[in-house]
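Worksheet: one structure, shown below.
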Amino acid sequence: MAAGVARNVRVDIWTDINCPFCYLGKARFERALGEFAQREQVEVVHRSFELDPTLGPEETGPVVAKIASKYGISEAQAAANERGIGAQAGELGLTYLTEGRDFGNSFDMHRLLHFAHEQGRQADLLDALYRANFADARPAFGSAERLVEIAADAGFDAAAVRAVLADPTAYADAVRADETEASRLGITGVPFFVFDGKYAVSGAQPPAVFTQALTQGWSTHQPTLQPIGASDETCGPDGCELPSRD
C-alpha cells in the first residue's frame, strides 16, 4: 500500500437479537476494536441472521422454558445455563437478566437495523435492541409499538420507525439478501465475523482473537475466507451452545 493512502477494513457481523452470544461477542469485538491503532479505518456492518425464521410475528414466550424444551433438559438446568451466560456478561460490564426474558421473531428488528444503517446509526439501534432484550424486564418481542418505543428511546424518529414497521416490504429484501449471503458463506451459527472478506471468526471469541483478525485483515490479502480461532460460543437454528458449568 502506498504511503499516505488510507485503507479501510470492513467487518461484516452476522447476528440475531435473540442470541446471547451475539450480545457478548459485540462487546468483546468492540473491546478489541477500541485498542486497534487503525480503528478509525474500520467499517463495521451488522448483517441479518434469524435463529428461528419459522416463528410467527407475534409468537413469543419465556426463554428458560424454550431452552429446556430445545435441549431436553430441566428448567432448573436451563436457568443455570442462563446464569452462566449472565456471569460472562457481568465480566464485560453488561447487564443480563437471567430470568423473565422472552424470545420471538426478529425479522422486524432486522428490517429496522437496515433502516438505521441508512442513517449511519446501525450500532446505536442494535445496542438498544440488545438492552431491551437482555437488560430490560419488559418483553422485547411481539409488539410493533414496543419496537417503536425502543427505537425512539435510542433517538430515532418514532413516526419514521412506525412507517417502516407498517410496510412489511420495507427493507425485507435487504434482510433476505443478508441471509442468502450467510448461506453462501456456510454460516450456520452466530455471531459470525468476516474481516475484509478474507478472515472468518465464529462465536463470541476473546478480544485477542478479534485483534488478530483485525491485524491480518488490515495487513494482508487472501483469495479465500480463512477461519481464525476455534469455533466458540454461537447460536444457530438448533439453539445456543450451552456454557459449561465447571
Side-chain angles (χ1 to χ4, degrees), residues 12-30 44-67 82 85-86 89-90 92-176 178-179 190-191 204 235 240:
D12 293 277
I13 310 174
W14 276 264
T15 59
D16 188 41
I17 295 84
N18 280 291
C19 167
F21 296 124
C22 295
Y23 184 44
L24 302 184
K26 184 175 186 292
R28 290 172 179 164
F29 167 74
E30 288 178 347
V44 179
V45 179
H46 297 281
R47 309 286 291 273
S48 303
F49 189 101
E50 295 173 90
L51 289 176
D52 190 351
T54 68
L55 290 172
E58 297 182 0
E59 186 177 351
T60 186
V63 164
V64 168
K66 177 78 168 179
I67 292 171
E82 281 290 281
I85 297 172
L92 293 165
L94 300 174
T95 301
Y96 187 95
L97 299 179
T98 58
E99 56 185 30
R101 293 194 302 105
D102 64 338
F103 68 89
N105 182 289
S106 58
F107 189 73
D108 282 347
M109 293 178 171
H110 287 297
R111 293 200 298 121
L112 287 178
L113 286 168
H114 280 279
F115 158 76
H117 179 62
E118 284 190 347
Q119 301 185 37
R121 297 191 56 214
Q122 190 181 39
D124 293 338
L125 183 58
L126 183 57
D127 283 338
L129 291 169
Y130 279 150
R131 286 193 299 270
N133 186 30
F134 296 111
D136 192 329
R138 292 173 295 170
F141 296 95
S143 168
E145 280 305 305
R146 176 68 173 126
L147 292 183
V148 172
E149 177 188 25
I150 292 167
D153 286 347
F156 291 86
D157 180 75
V161 172
R162 193 173 284 111
V164 171
L165 294 173
D167 178 4
T169 67
Y171 303 98
D173 287 347
V175 175
R176 297 305 185 207
D178 280 354
E179 294 176 335
V190 288
C235 297
C240 301

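Numbering of residues begins at 1 and proceeds along the displayed sequence. This one's a predicted model, so the numbers in the text were calculated from it and none came from an experiment. Side chains are part of it too, since the values below use all heavy atoms of this structure and drop only hydrogens, waters and symmetry mates.
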Indicate yes or no: at least one non-hydrogen side-chain atom of L147 is less than 4.5 angstrom from one of V161. no
Side-chain donor-acceptor contact under 3.5 Å, T15 with H46: no
What is the minimum heavy-atom distance between F156 and Q119, and which atoms define it? CD2-OE1, 4.0 Å
Taking the inter-plane angle between the rings of Y96 and F134 on a 0 to 90° scale, is it parallel (under 30°), tilted (30 to 60°) or perpendicular (over 60°)? parallel
Looking at A154 and R121, what are the two nearest heavy atoms and their distance? O-NH2, 2.5 Å
Which heavy atom in T98 sits nearest to a heavy atom in G86, and how many Å separate them? CG2-CA, 4.1 Å
If you measure from the Lys or Arg side-chain nitrogens to the Asp or Glu carboxylate oxygens, is any gap between E145 and R162 under 4.0 Å? yes
Do you know the tightest heavy-atom contact between N105 and P57? CB-CA, 4.2 Å
How far apart are the C-alpha atoms of K26 and D127, what are their side-chain angles, what is the distance that settles it, and do they pass the side-chain contact (heavy atoms from CB on, under 4.5 Å) test? CA-CA 9 Å; K26 184 175 186 292; D127 283 338; 2.6 Å; yes
Supply the atom-to-atom distance L94 CG to R28 CZ, rounded to the nearest 0.5 angstrom. 9.5 Å
Is there a donor in the side chain of D178 and an acceptor in the side chain of H110, or the other way round, less than 3.5 Å apart? no
Give me the one residue out of L55, V64, D52 that meets side chain to side chain contact (heavy atoms under 4.5 Å, CB included) with F103. L55
Run L51 and S106 through side-chain contact (heavy atoms from CB on, under 4.5 Å) and show every step you take. CA-CA 8 Å; L51 289 176; S106 58; over 6 Å; no
Decide side-chain contact (heavy atoms from CB on, under 4.5 Å) for L24 and L92; before the verdict, give the C-alpha distance in whole Å, the side-chain angles of both, and the deciding distance to 0.1 Å. CA-CA 8 Å; L24 302 184; L92 293 165; 4.1 Å; yes
Does the pair R146/D136 count as a salt bridge with the N-to-O cut at 4.0 Å? yes
What distance separates M109 CE from S48 OG, expressed to the nearest 0.5 Å? 12.5 Å
dist R138:CZ -> N133:CG (nearest 0.5 Å) comes out at 12.5 Å
So, do F21 and P191 sit near enough that their side-chain heavy atoms are less than 4.5 Å apart? yes
Around D173, counting heavy atoms of other residues, nucleotides and ligands shown, do more than 12 lie under 6.0 Å from its CG? no
How far apart are the closest heavy atoms of E58 and G142, and which atoms are they? CG-O, 4.1 Å
Let's go through E50 and N18 carefully: what are the C-alpha distance in whole Å and the side-chain angles of both, what is the deciding distance for side-chain contact (heavy atoms from CB on, under 4.5 Å) to 0.1 Å, and is it a yes or a no? CA-CA 8 Å; E50 295 173 90; N18 280 291; over 6 Å; no
I need the L129 CG to F141 CZ distance, nearest 0.5 Å. 8.5 Å
Any idea which heavy atoms bring V63 and D102 closest together, and the distance? CG2-O, 3.2 Å
Is E99 atom CD crowded by more than 12 heavy atoms from other residues, nucleotides or ligands, each under 6.0 Å away? no
Is there a side-chain contact between L113 and I17 in this structure, where contact means two heavy atoms from C-beta onward sitting under 4.5 Å apart? yes
Assign the ring pair Y130 / Y23 to parallel, tilted or perpendicular, where the plane angle (0 to 90°) is split at 30° and 60°. tilted
